[in-house]
Amino acid sequence: MPLVQVDLPRPVYTEKGAQISDEIHQAFIDALEIPADDKFQVFRPREEGELVFDRGYGGVDRRSLILIQVLMVHRYTVELKRDLYRQIVERLAAIGIRPEDVQIAVTEN
């Protein structure tokens, strides 16, 4: 049971929250083969100034920030996790979220 927590600007949540939820979940299904009903997500829409980040850190042109934090079991290979990250970013890009604005952090238990 992965627990996915997403911090994002409130306007992005208002406009695309349901799509973001669906795309993240589908990436987990496709990459890690989790059951379709294994969906546990927490969205935290943030007001202007609540997400603090360096817009150019690491040479990346960030305009916004969508922070995806995942707590999941320690059993997936590095290759599967990389595929998950790639799928999340690609799926969000398909709905208009810039890859440069997505940050994924994983904790395994």
Side-chain angles (χ1 to χ4, degrees):
M1 174 186 80
L3 172 60
V4 178
Q5 300 177 67
V6 182
D7 291 88
L8 70 172
R10 184 169 299 282
V12 175
Y13 176 74
T14 300
E15 181 182 341
K16 298 181 180 187
Q19 287 178 290
I20 292 169
S21 171
D22 291 344
E23 296 301 340
I24 290 172
H25 188 60
Q26 192 61 51
F28 273 91
I29 293 169
D30 293 348
L32 303 183
E33 298 180 349
I34 68 166
D37 63 348
D38 189 357
K39 186 175 186 179
F40 296 88
Q41 300 175 338
V42 176
F43 278 79
R44 291 185 293 256
R46 301 297 185 164
E47 299 300 332
E48 181 72 29
E50 288 186 42
L51 291 170
V52 179
F53 58 96
D54 188 299
R55 295 183 181 277
Y57 177 75
V60 177
D61 174 30
R62 286 176 196 81
R63 297 181 191 157
S64 185
L65 180 64
I66 295 180
L67 176 58
I68 301 168
Q69 299 175 70
V70 180
L71 175 62
M72 64 184 191
V73 232
H74 179 71
R75 75 172 183 202
Y76 300 104
T77 66
V78 170
E79 293 79 20
L80 285 175
K81 288 183 277 190
R82 284 183 180 154
D83 186 42
L84 172 66
Y85 310 150
R86 180 189 56 76
Q87 285 198 43
I88 289 172
V89 171
E90 287 177 358
R91 289 175 170 284
L92 295 182
I95 62 169
I97 305 294
R98 297 174 68 244
E100 298 86 354
D101 297 338
V102 177
Q103 183 173 17
I104 302 170
V106 173
T107 303
E108 295 176 313
N109 63 356

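What you see is a predicted model, and the numbers here were worked out from it, not measured in a lab.
- Contact check for Ile97 versus Glu23: no side-chain heavy atoms found under the 4.5 Å cut-off.
- For Thr77, the side chain to side chain contact (heavy atoms under 4.5 Å, CB included) partners two or more places apart in sequence, or in a different chain, are Glu79, Leu80.
- Under a 3.5 Å cut-off, the side chain of Arg98 and the backbone N or O of Ser64 do not form any donor-acceptor pair.
- Both Val42 and Met1 belong to a common hydrophobic cluster when Ile, Leu, Val, Met, Phe, Trp and Tyr are linked at side-chain heavy-atom distances under 4.5 angstrom.
- Side chain of Asp101 to main chain of Arg63: a donor-acceptor pair is present (N/O by atom type, distance under 3.5 Å, no hydrogens or angles).
- Linking Ile, Leu, Val, Met, Phe, Trp and Tyr whenever their side-chain heavy atoms come within less than 4.5 Å leaves Val102 and Phe53 in two separate clusters.
- Between Arg44 and Glu50 no salt bridge is recorded (no basic side-chain N to carboxylate O distance below 4.0 Å).
- In this structure the side chain of Leu51 reaches within 4.5 angstrom of the side chain of Pro9, judged on heavy atoms.
- Ile20 and Leu65 are not part of a single hydrophobic cluster, where members link through side-chain heavy atoms under 4.5 Å apart.
- In the hydrophobic clustering of this structure, Leu8 groups with Ile95; members are Ile, Leu, Val, Met, Phe, Trp, Tyr whose side-chain heavy atoms approach within less than 4.5 Å, directly or through other members.
- For the 3.5 Å distance criterion, the side chains of Gln26 and Asp22 fail to qualify, holding no donor opposite an acceptor.
- Distance check, rounded to the nearest 0.5 Å: CG of Asp30 to CZ of Arg91 gives 4.5 Å.
- Distance alone, capped at 3.5 Å, is enough to place a donor-acceptor pair between the Gln41 side chain and the Ser21 backbone.
- At a threshold of 4.5 Å between non-hydrogen side-chain atoms, the residues Val4 and Phe28 count as touching.
- Taking 4.5 Å as the limit, some side-chain heavy atom of Asn109 sits within range of a side-chain heavy atom of Val73.
- Between Leu84 and Val106 there is no side-chain heavy-atom pair separated by less than 4.5 Å.
- The number of heavy atoms from other shown groups lying within 6.0 Å of CZ (Arg82) does not exceed 12.
- Note: Asp61 CG to Glu100 CD = 6.5 Å, rounded to the nearest 0.5 Å.
- Residues Gln69 and Asp7 are in side-chain contact: their nearest non-hydrogen atoms beyond the backbone lie under 4.5 Å apart.
- Atoms CD and CG, from Gln87 and Leu32 in turn, are 8.5 Å apart once rounded to the nearest 0.5 Å.
- The two atoms that bring Ile34 and Asp38 nearest to each other are CD1-O, 3.5 Å, heavy atoms only.
- Across Ala36 and Ile29, no two heavy atoms sit closer than the pair CA-CD1, 3.8 Å.
- A donor-acceptor contact shorter than 3.5 Å is absent between the side chain of Lys39 and the backbone of His25.
- Arg62 has its side chain out of reach of Gln103: every pair of non-hydrogen atoms, C-beta onward, lies at least 4.5 Å apart.
- Remark: Ile24 CD1 to Leu92 CG distance equals 5.5 Å, nearest 0.5 Å.
- Among pairs with a residue in residues 65-96, none fulfils ring pair (Phe, Tyr, Trp, His ring centres under 6.0 Å), at least two apart in sequence or across chains.
- In terms of the ring-ring contact (aromatic ring centres under 6.0 Å, His included) criterion, residue partners of Tyr13 (sequence neighbours excluded) are, by chain and number, Phe43.
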